[in-house]
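In what follows, a single structure is set out as structure tokens and then discussed.
By convention in this document, chain letters (A, B, ...) are assigned in the order of the sequence lines, proteins followed by strands, and residues within each chain are numbered from 1.
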Amino acid sequence: MKKLINAPADVVQEALLGFEAAHSDRVRIDHDNKVIYRKDAPKQGKVGLISGGGSGHEPMHGGFVGMGMLDAACAGEVFTSPVPDQMMAATKEVDGGAGVLHIVKNYTGDVMNFEMAAEMAAADSGIEVLSVVTDDDVAVQDSLYTAGRRGVGVTVLLEKIVGAAAEQGRSLNDVADLAKRVNDLGRSMGMALTSCTVPAAGKPTFELGENEMELGIGIHGEPGRKRLPLASAKEIASMLVDPIVGDLPYGQGDSVIAFVNGMGGTPLLELYVMYNEVAQLLEKAGITVARSLVGSYITSLEMAGCSVTLLKADDELVSLWDAPVNTPGLRWGA
Amino acid sequence: MKKLINAPADVVQEALLGFEAAHSDRVRIDHDNKVIYRKDAPKQGKVGLISGGGSGHEPMHGGFVGMGMLDAACAGEVFTSPVPDQMMAATKEVDGGAGVLHIVKNYTGDVMNFEMAAEMAAADSGIEVLSVVTDDDVAVQDSLYTAGRRGVGVTVLLEKIVGAAAEQGRSLNDVADLAKRVNDLGRSMGMALTSCTVPAAGKPTFELGENEMELGIGIHGEPGRKRLPLASAKEIASMLVDPIVGDLPYGQGDSVIAFVNGMGGTPLLELYVMYNEVAQLLEKAGITVARSLVGSYITSLEMAGCSVTLLKADDELVSLWDAPVNTPGLRWGA
Amino acid sequence: MGDVVTVVTVDAFGAWLRQFAATIHDNAAMLTDLDSAIGDADHGSNMDRGMKAVVAALDATEFETADALFKKVGMTLVSTVGGASGPLYGTFFLRLGSSLQGADEISAPELGAALRAGVQGIVARGKAEVGDKTMVDALMPALDAYDAAVGEGVATALGAAAKAAAEGRDSTTPLVARKGRASYLGERSAGHQDPGATSTTMLLESAAAALS
Amino acid sequence: MGDVVTVVTVDAFGAWLRQFAATIHDNAAMLTDLDSAIGDADHGSNMDRGMKAVVAALDATEFETADALFKKVGMTLVSTVGGASGPLYGTFFLRLGSSLQGADEISAPELGAALRAGVQGIVARGKAEVGDKTMVDALMPALDAYDAAVGEGVATALGAAAKAAAEGRDSTTPLVARKGRASYLGERSAGHQDPGATSTTMLLESAAAALS
Ligand SMILES: Nc1ncnc2c1ncn2[C@@H]1O[C@H](COP(=O)(O)OP(=O)(O)O)[C@@H](O)[C@H]1O
Ligand SMILES: Nc1ncnc2c1ncn2[C@@H]1O[C@H](COP(=O)(O)OP(=O)(O)O)[C@@H](O)[C@H]1O
Ligand SMILES: [Mg+2]
Ligand SMILES: [Mg+2]
Ligand SMILES: [Mg+2]
Ligand SMILES: [Mg+2]
């Protein structure tokens, strides 16, 4: 295992120390609970936004704490959802009297831990908590009888957009409705060129031949829906964009926020090659790109690969996207 | 070779198309010359700042074009310096009557190509051109009889700081002096956990065993000064920080901008673990961190590894660092 | 032949938990390997982290009642494991505790009822059915086997439960997952044994070993 | 035995460049491999890109004089190669052209003087000396060997130059680099043949083959 770490068991704790040292102008950290807070939380009268999940997806979620985005992020162990105590602590800490929204990616572990936290918070403190669960991954078939779709790239866009709405002082119900709307308008799909290595496991989660790739992966180093021969950027772009566009569906005349995301080990040079292909496909389909985001924002440790997310965006969503944000991971207008 | 590309020969051109599609709000591109321009260049009365180099180091340099940083970046083939025609074209295009500064990393190819461009520009157009050559890599011994030190991490910090000074309307001489001062106050050192693969070469530049690392690498996938057994983040931090601190030297009471840079394939989680170690070492040495930067800003394709850069920073440099910048790769205050 | 164990004490429950912790620790890499194939390569380290915390809690406190003991175990697992297994194992022990409220020496039928309450908690939280390729595939048959043998005492009943759990665990291999992370793999999840069913089988095997 | 070639025409120079381009293309992977060991794995693709552009220029234009031909070649290399080898090869051909200004049939001594002017251009630009482990290690001995054999005609002199270049190329292997990218490796650069010295040897070998 080749990683810039000390003991595998200490990775999350030490990364949080480094994160705090680097960004103490904007965040503070409760190291016992492994919660990253916006420095000036709680903001009186503002809906508190909390997210969290396993570590290994950086900059998500900790890198999205700050003005115009999250009030707190709970960091779990690598690829392991955080525990209810963390969300409980965060909920109490960020409540500014306007209630708290939990932003949860749809994984059994995340959903159950956030559920327990919401139950405990309700019983314990009376803070009003609503939850939104993101489930945008078209690689997974949605069904009542399964765990449903995974929450992936839309989560990043949602945290930005909903963060801007909360910053404007909208009510908890408004913010939660907006969050659901964003989730409903977004779809994603990802692929991997390589596996990744969970530090505690010490070896790659799966083996992939020199001429193979995985299509339909999530963000936990898990294998995808299909193993395929290595393909060109152009072919891969189609494999990702076509199922997304067909699913919602998106069509002629639609306007989107287009997001090409790196999985952690893929350099920016390649992401721009991919974005070039994605932009061409969208143009051919008559879909306008209102805004774009290219970079590694929701990652799977050092996995090489990428994902594409499209979010159908009306004027309201675009203007919330454009609103100022000041976090370690996303920053503009501030 | 596992990359998100089409034909290796088309990587740079296609990445530029993707870059333009993603950032057309801030940049425009001359695809024939492979030059990325700030959208509103030339700025009358402002010193024009040009840099450039081989591709494969993204976001450097193209990602640093925009308000408060570069006016133009010339993109060479992967790891190959651009050609004089590109710098010539860029020099003419960005000159706003106040002269042009070439920011050149100290590699034989880069230096010679920029030199030829400056000669041609002088002969051809009479535009006043000054050059600054960055050479901050303490892994390489400096000597009159060799090619000298490489230009690495300081280049990023320099482009930001000098960009802010140019934006303030300072003269070409002032801006060039400042650039030399920044270079003189900065030192860097890097290491690699893996090699990288130049697309046209199709295989890793060097082989590295599962329990080995390279110390003292540059940013072109070249092997380093020494091959060593894999070490912990704590040990690696010492191997990078100690030679830097000893070289300038930096000491008790000094204030620095501290930059922990990823080589392209290393995820942010690990960079924060490294930054935690670096911050502790600096604290022990009595060196204050005035500002920090953690992320992959000057990369070597998909190489895993990191580099550390320290820049001794007085109030002037810190205030120029803090000044607004709006580029695809670095953005704040705007 | 040993005596027929008819009642279980709080101390014996402590021994069960320590034995389970040791088994988990020894098999953490194997559990993580199973989770690598159809999940995210953390089930072994998750359970090991949680059970270490449980052992630390056992070391720190003398528990008077099974109720108090299992509540502490459940809360500890909820607070330290995370992922899917944290709430599921946590709920199991919390319900086990509630079911044994007041009792200090537990009879075989009482233990059977408590185990069933615990598993019902898992089902309520996770909504998995038998055949979904989860820990429920090991736990449900174990409950039935326990009940069928409950007249022969705790040791025998737990032995039967452990055997049924192992069979349930093995039955997960050919299944296509419908719940948990493995469900994302679709058809590709078939051919792999479920990690959670494997660890819950260890839970019952530890019980059979420690409570006899 | 063939005739002793005493003068070289513009057409023959064109043949030389085409032959060099073909040799570079066939050996591009090898040159890049050499550059992988002590550089950045691009010398083969750099030279191949440049010489392809040169061939395209030759195809597009009929050159009247050696002067015009070599200036075009030099400018083309400067504009398409980049890296260290672009300015160095480019300067070589630009100086070759200047040195041959006015001449249309070139004698053996004229060619020798032109080659020396070209190499001096490389030294002026790159400031390398013999022993620094660069292309200069192949080129300098080649000039001297050419001059020593200049009385025997172009073919013989170029043959001697190519042989000396090959020896100079081989001599780079044990050296510790002091110039170019290989110098960053310090002692680790020893034991590897210099890629630039390898490609310049091909340049002289192509000349010996094409201009005889
Ligand atoms: N809905 C569910 N109901 C019951 N058990 C489940 C459910 N989802 C997952 N599991 C169990 O949890 C195990 C995985 O646990 P673990 O790897 O620790 O968590 P995660 O999947 O969050 O990484 C699976 O092997 C399965 O047995
Ligand atoms: N200062 C110099 N003088 C002469 N030749 C040099 C000098 N620096 C480098 N070279 C030659 O250039 C070759 C490398 O060329 P190339 O790989 O194309 O450029 P780069 O090093 O920029 O990647 C070296 O093998 C060496 O022969
Ligand atoms: Mg997990
Ligand atoms: Mg090069
Ligand atoms: Mg798991
Ligand atoms: Mg090279």
_Less than 4.5 Å to any heavy atom of chain A: does that hold for the side chain of T91(C), its backbone, both, or neither?_
side chain
_Between V111(A) and chain C, with a heavy-atom cut-off of 4.5 Å, which part of the residue counts as in contact: side chain, backbone, both or neither?_
neither
*Looking at A41(C), A128(C), G86(C), which one has more heavy-atom pairs under 4.5 Å with chain A than the rest?*
A41(C)
*Find out whether I38(C) and E222(A) are in side-chain contact, i.e. whether some heavy atom of one side chain is under 4.5 Å from a heavy atom of the other.*
no
*In this structure, are over 12 heavy atoms from other groups packed under 6.0 Å from K72(C) atom NZ?*
no
*asked:* Quick check on N106(A) against chain C: is it the side chain, the backbone, both or neither that has a heavy atom closer than 4.5 Å?
replied: backbone
*Would you call E119(A) and R125(C) a salt bridge, using N to O less than 4.0 angstrom?*
yes
*Do the side chain of R188(C) and the main chain of G224(A) share a donor and acceptor less than 3.5 angstrom apart?*
yes
*Under 3.5 Å, is there a donor-acceptor pair between the side chain of N113(A) and the main chain of G83(C)?*
yes
_Nearest-0.5 Å distance, OH of residue Y184(C) to CD1 of residue I217(A)_ = 13.5 Å
_Nearest heavy-atom neighbours spanning S79(C) and V83(A)_ = O-CG2, 3.2 Å
_Sub-4.5 Å side-chain heavy-atom contact between V78(C) and M116(A)_ = yes
_Tell me which of these, E115(A), R150(A), Q86(A), E77(A), has more heavy-atom pairs under 4.5 Å with chain C than the rest._
R150(A)
*Which atom names give the shortest non-hydrogen contact between D40(C) and F79(A), and what distance separates them?*
OD2-O, 2.8 Å
*Roughly how far, to the nearest 0.5 Å, is OG1 of T108(A) from NZ of K179(C)?*
8.0 Å
*Which atoms of K203(A) come close to chain C, meaning under 4.5 Å heavy atom to heavy atom: side chain ones, backbone ones, both, or neither?*
side chain
*Quick one: are M112(A) and L88(C) in side-chain contact, heavy atoms under 4.5 Å?*
yes
*chain C contact via E207(A) - side chain, backbone, both or neither, heavy atoms under 4.5 Å*: neither
*Over all heavy atoms of both residues, which pair between P223(A) and G39(C) is shortest? Give the atoms and the distance, please.*
CD-O, 4.4 Å
*Would you mind checking which part of A37(C) comes under 4.5 Å of any heavy atom in chain A, side chain (CB onward), backbone (N, CA, C, O), both or neither?*
backbone
*asked:* Counting only non-hydrogen atoms closer than 4.5 Å, does S45(C) touch chain A with its backbone (N, CA, C, O), its side chain (CB onward), both, or neither?
replied: side chain
*Is it the side chain or the backbone of M87(A) that comes within 4.5 Å of chain C heavy atoms, both, or neither?*
neither
*Which region of D33(C), side chain (C-beta onward) or backbone (N, CA, C, O), has a non-hydrogen atom less than 4.5 Å from a non-hydrogen atom of chain A, or is it both or neither?*
side chain
*Which answer fits A200(A), side chain, backbone, both or neither, if we ask what part of it has an atom under 4.5 Å from a heavy atom of chain C?*
side chain
*asked:* How about CD on E187(C), more than 12 heavy atoms from neighbouring residues, nucleotides or ligands closer than 6.0 Å, or not?
replied: no
*Which heavy atom of R225(A) sits nearest a heavy atom of L185(C), and at what distance?*
NH1-C, 4.0 Å
_Contact winner vs chain A - G82(C), G126(C), G44(C), heavy-atom pairs under 4.5 Å_ = G82(C)
